[in-house]
Amino acid sequence: MGQFTLIPPSAATNAPAVDALYYFQSIVAVVMTAIIFLGILIFAAMYRKRSDDDKPPLIHGSIPLEITWSIIPFLVMLVMFFWGAKIYFDNGRAPANAMDVFIVGKQWMWKVQYPGGQREINELHVPVNVPVKLTLASEDVIHSFFLPAFRLKRDVVPGRYNTEWFIATKPGRYHIFCAEYCGTEHSGMVGWVTVMEPKEYENWLAGGGATGTMAEQGGRLFSQLGCSSCHLFTAGGRCPNLMNVFGNKQQMSDGSTVIADESYVRESILNPNAKIVYGYKPDIMPTFQGEVNEEQLLQLIAYIKSLSPHRAPAVPAAAGKSAPKVPKAPATGNAASVGSL
Amino acid sequence: MEQQFSSAQLGMWAFLLTEIMFFGGMFGAYTVYRSMYPGAFQSTTHYMNVTLGMANTLVLIASSLTMALAVRSAQVDNQKMLRIMIVLTLFFGFVFLGIKGYEYHEKWVEHLIPGPHFEYNVPNYAHQAQILFFLYFAMTGTHALHMVIGAGLLTYLLIKSYKGSFSSHYYTPVEIIGLYWHFVDIVWIFLFPLLYLIGAHLHA
Amino acid sequence: MSTAIETPRSTETLNYLNTKYGWKSWLFTTDHKRIAILYLISISFFFLLGGIFAMLVRLELATPAGDLFNSDTYNKLFTMHGIVMIFFFLIPSIPATLGNFLIPMMIGAKDLAFPRINLLSWYIYIVAGLIAVGTMAYGGVDTGWTFYPPFSSTYSRTYVVAAAIAVFVSGFSSILTGLNFIVTIHKMRAPGMTFDRLPLFVWAHYATSLIQLLGTPVVAITIALLGLERIFHVGIFDPAIGGDPILFQHLFWFYSHPAVYIMILPGMGVINEIVACFSRKRPFGYPFIAGSSIGIAVLGFLVWGHHMFVTGQSMYASLVFSLLSMAVAVPSAIKVFNWTATMYKGSIRFETPMLYAFGFIGLFTIGGLTGLFLATLATNVHLTDTYFVVAHFHYVMVGGMVLGYLGGLHFWWPKITGRMYPEFWGKLSALIVFVGFNFTFFPQFLAGYAGMPRRYHAYAPEYQVFNVMSTAGASVLGIGFTLPLIYLIWSLFYGPKAPANPWGAKGLEWETSSPPPTYNFDTPPVMNEEAYNYSGDDTGVHVG
């Protein structure tokens, strides 16, 4: 029957935090249940029927008691609420220096891509003690990327990016489960996350037979799809110059500003008219909905990301075989065109 | 009789509450997508026949008036007027459905029915515009279905009134079916500006 | 008030069961009591069907490998278990049977406000049920009872549209029942039956009806839009054209979360009556129990987002939904504490219904407290979509509603059938259900925290211990549910005749004969005392 534990292995900074809250909740639950069970048992024994002529007193109720047993559960509940919210918000935004890994869910497998271009299926390798940010996309239905040993779960929803991040603390192999029912082989959509010492991790990365980094793959797509004919690296293109766009604030034609993040770039590729950069016209760029798959989208995003070299490095030096190369853009116009965006 | 009357009325009001929630789900979806894709939604107003929509609005307002007059006629025991008003209401109902059917036909000819044959000559909005047309057909279709049910109920009233079932002492069915009819009209009063008018001036 | 005739009866007195005979007298009846019986028979069938699906699911899960069924069959089994149990058993269970039978009698009316609509709602239920059974016979559906797109709208290759139609149609049955109850409670009360004298069972049904009226149409239209999307291969939840599949979840849970209160409030109503009767006490804090029913119904509409903490909805929305979900704990706690306090200084009897009530209070307490784990953001992230959730809602739905239903069925069985059930067997099966239930579902809490996801056909070997316990418990539970089926049917023929008020209970339904006459009361009753006047006319005593 295999070994069994009440608490799954604890392999990320998040796990002990969630466990502590879980212990607290369990204690509250046990105490409350005990109060109710004991109350029933004691009353049942003390006030059992003595004779058919028992005349129990008429008791309407008690306002002080009602208030007491409303307020006390409410206060206990508030403790749980704030405690839980604190952990949830701590997990909300990945630190800027987190290492990126991209995951695409597809019936019924997890496709994993690393910025260095390595790919694998149903296996995820991460170094210990380094913040890792997973960007999750789905090619078909809703999945959910569940790492029980990290006490983390995030739905993988078609049409949008979700992210989760963690700092693994203990080398080892831990389950990956799909937690959102996704069809026939839902229970087979499982894999392993391997947490490795940094040195081992470097070796492992070097061993992968990648054909160029994700950014390089994205760069090839960028010219294959003809993006480069309008998105020039000089001023004056029909579409915005993408140099230094990613991670920076962009001015839109309706006056609003957006930070160019993964979701923004994704939207701009699939739904170009959604947000128009100030100074450019709508209806010029065609939609690429159905033209590129989720993995290619992630490569394009990695490429556009690599065009902003001044951002804090998202990839630890060890992660790529070579540092992401800034594409050969004409040296002129970089600084000038940023201003014009 | 008093008890029965108010039970039926309370029942109809409760039912209309249900109906509000029923349409509310679709209005909710409409609001969400309108804010997600304002451009795509605005582009569709170009394909809505505002003239026919306006005509239908007037037709329904007229039918609400005749329905109200039907209830009034029953209250004052004017049997002949009651029948005339029911027939007029029915007539307006069918005019509405006829115009609606013609509009659906237009959409069919223009390949604006969501699905594999959907064609939209604003290519960048081709995908999201389908969402609006899907909602357009779902919302107006559900509304039209309510109109058809209403027409059935009016026919029932007409038959009953020929049998002399209603009088100033008993007109509960006229009253509660009237409530239903007004509700269906009001739904259209919300649908018309949302689907036809908002953003239309941009293309004028 | 009329009292039962105590003289020995040489011939059967005329009652609703023997006034007319023949299938037509049943299928075209407008008597709320007969319609309740029709519902009782039909929901028992669906309970059996859903129970068989559950047993097959548990059998498959006895071993980690998917060896008994293939994955498609397994997926259909848990889907159909969910659809049958939720839409065709739990939602109608207490309201359509006990509620239908008792509400008019409890308020002193001769029937519901709209008897023909009542019958119509049963026919709608049957039509929906036939569509559901037909769907299953034809090959079933595998989307899970939650019908999440785009799996349900695009990827599933099973009969999703047919199943959606069944759910859609059954919704109207539920709406009509709720509408009928609301109007009946407002308009049909006997003289003297003021709202503060209303039995708490009726209060609970009033709250339930509000949810049925306001929530059901939203899921109906949502399921309809989903069906259209599947038929036309395009729709508003389809991410390929820019639709948002999460919007479906919002609309779905806007109803389906309140719906779980449809599935528990009536059970709470039953427990109020049983605890009061078998403690010979007025329920402690009557206005608080009544108010908390309404409170739960209202709060129930504000918490749906807690099903979506990990979907990527705004973190601030999650924050609000978490707080509101936890707030439901307050009215729930009020109820549990008041039930317990009702026993204080009572004269407690331990007949079968009271045993079920004890079980209900205990299991609902655990179900409610584990709800807090799920309402808390951080623990929800780990626990959602695991067996912890499965255990939690079975504690509430089975430990709560089904126990309430069985307790109520035993309590009012003499009234409904005019026969007493065998007390020994009643107590025995209550005990078996309680033990079997905990064996089945408690291990699932542990499996859930250990990380076992729900809806898994095959699972990692370290979870087998929990699953073996669970499957073993399920077989005990199965026996516990089968026993009442046997001895209750037996009692129809061989049970001793029931007096009008075998339990010495208060409430207008006990003032008339068992079984009641067609129009419930020989003379229209008047409510001339406080509800639950178990202590006679003693002066009130306040504690605390």
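Quick caveat: nothing in here was measured; it's all calculated off a predicted structure. Chain identifiers are assigned alphabetically (A, B, ...) following the order of the sequence lines, protein sequences preceding nucleic acid strands; residue numbering begins at 1 within each chain.
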Indicate yes or no: at least one non-hydrogen side-chain atom of [X] is less than 4.5 angstrom from one of [Y].
| X | Y | answer |
| --- | --- | --- |
| Thr342(C) | Phe43(A) | no |
| Pro158(A) | Pro245(C) | yes |
| Lys345(C) | Pro57(A) | yes |
| Phe81(A) | Thr376(C) | no |
| Glu180(A) | Phe151(C) | no |
| Leu41(A) | Phe358(C) | no |

Between [Y] and [X], is there a side-chain donor-acceptor contact under 3.5 Å, judged purely by atom types and distance?
| X | Y | answer |
| --- | --- | --- |
| Ser347(C) | Asp54(A) | yes |
| Glu462(C) | Thr5(A) | no |
| Arg455(C) | His186(A) | no |

At a heavy-atom separation under 4.5 Å, does [X] approach chain A through its side chain, its backbone, both, or neither?
| X | result |
| --- | --- |
| Phe78(C) | side chain |
| Thr340(C) | both |
| Asn467(C) | neither |
| Pro287(C) | neither |
| Phe278(C) | neither |
| Tyr74(C) | neither |
| Ser279(C) | backbone |
| Val381(C) | both |
| Pro64(C) | neither |

Pick one of side chain, backbone, both or neither for [X], based on which atoms fall under 4.5 Å of a heavy atom in chain C.
| X | answer |
| --- | --- |
| Glu139(A) | backbone |
| Met189(A) | backbone |
| Phe82(A) | neither |

Evaluation steps, side chain to side chain contact (heavy atoms under 4.5 Å, CB included), between Met80(A) and Thr379(C): CA-CA 10 Å; Met80(A) 290 183 195; Thr379(C) 30; over 6 Å; no

Step-by-step side chain to side chain contact (heavy atoms under 4.5 Å, CB included) determination, Phe146(A) to Thr386(C): CA-CA 10 Å; Phe146(A) 179 27; Thr386(C) 67; 3.8 Å; yes

Test ring pair (Phe, Tyr, Trp, His ring centres under 6.0 Å) applied to Trp165(A) - qualifying residues, sequence neighbours left out: none

Whether Phe177(A) and Tyr456(C) hold their rings parallel, tilted or perpendicular, with breakpoints at 30° and 60°: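 Because their plane-to-plane angle is over 60°, the rings of Phe177(A) and Tyr456(C) count as perpendicular.
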
Under 3.5 Å donor-acceptor, [X] side chain and [Y] backbone:
| X | Y | answer |
| --- | --- | --- |
| Tyr148(C) | Tyr181(A) | no |
| Lys49(A) | Arg349(C) | no |
| Lys153(A) | Thr384(C) | yes |

Residue pair Thr184(A) / Arg157(C): nearest heavy atoms and the distance that separates them: OG1-NH2, 4.3 Å

Pair listing, side-chain hydrogen bond (donor to acceptor under 3.5 Å, both in side chains) test, anchored in residues 76-88 of chain A, at least two apart: Lys86(A)-Asp90(A), Tyr88(A)-Ser318(C)

Aromatic contact, Phe284(C) with His60(A) (centres under 6.0 Å):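 Distance test on ring centres: not under 6.0 Å, no.
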
Aromatic centroids of Phe373(C) and Phe24(A) separated by under 6.0 Å: no

Evaluation steps, side chain to side chain contact (heavy atoms under 4.5 Å, CB included), between Ile36(A) and Phe337(C): CA-CA 8 Å; Ile36(A) 297 296; Phe337(C) 282 118; 3.8 Å; yes

Chi angles and distances behind the side chain to side chain contact (heavy atoms under 4.5 Å, CB included) call for Tyr534(C), Leu58(A): CA-CA 8 Å; Tyr534(C) 282 105; Leu58(A) 174 66; over 6 Å; no

Side chain to side chain donor-acceptor pair (under 3.5 Å) involving Asp19(A) - partner list, sequence neighbours excluded: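 Once residues adjacent in sequence are excluded, the partners of Asp19(A) under the side chain to side chain donor-acceptor pair (under 3.5 Å) criterion are Arg151(A), Tyr449(C).
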
Result of checking Val157(A), Asp140(A), Ile142(A) against Pro150(C) for side chain to side chain contact (heavy atoms under 4.5 Å, CB included): Ile142(A)

Contacts of residues 26-34 of chain A with chain C (heavy atom under 4.5 Å): Ser26(A), Ala29(A), Met32(A), Thr33(A)

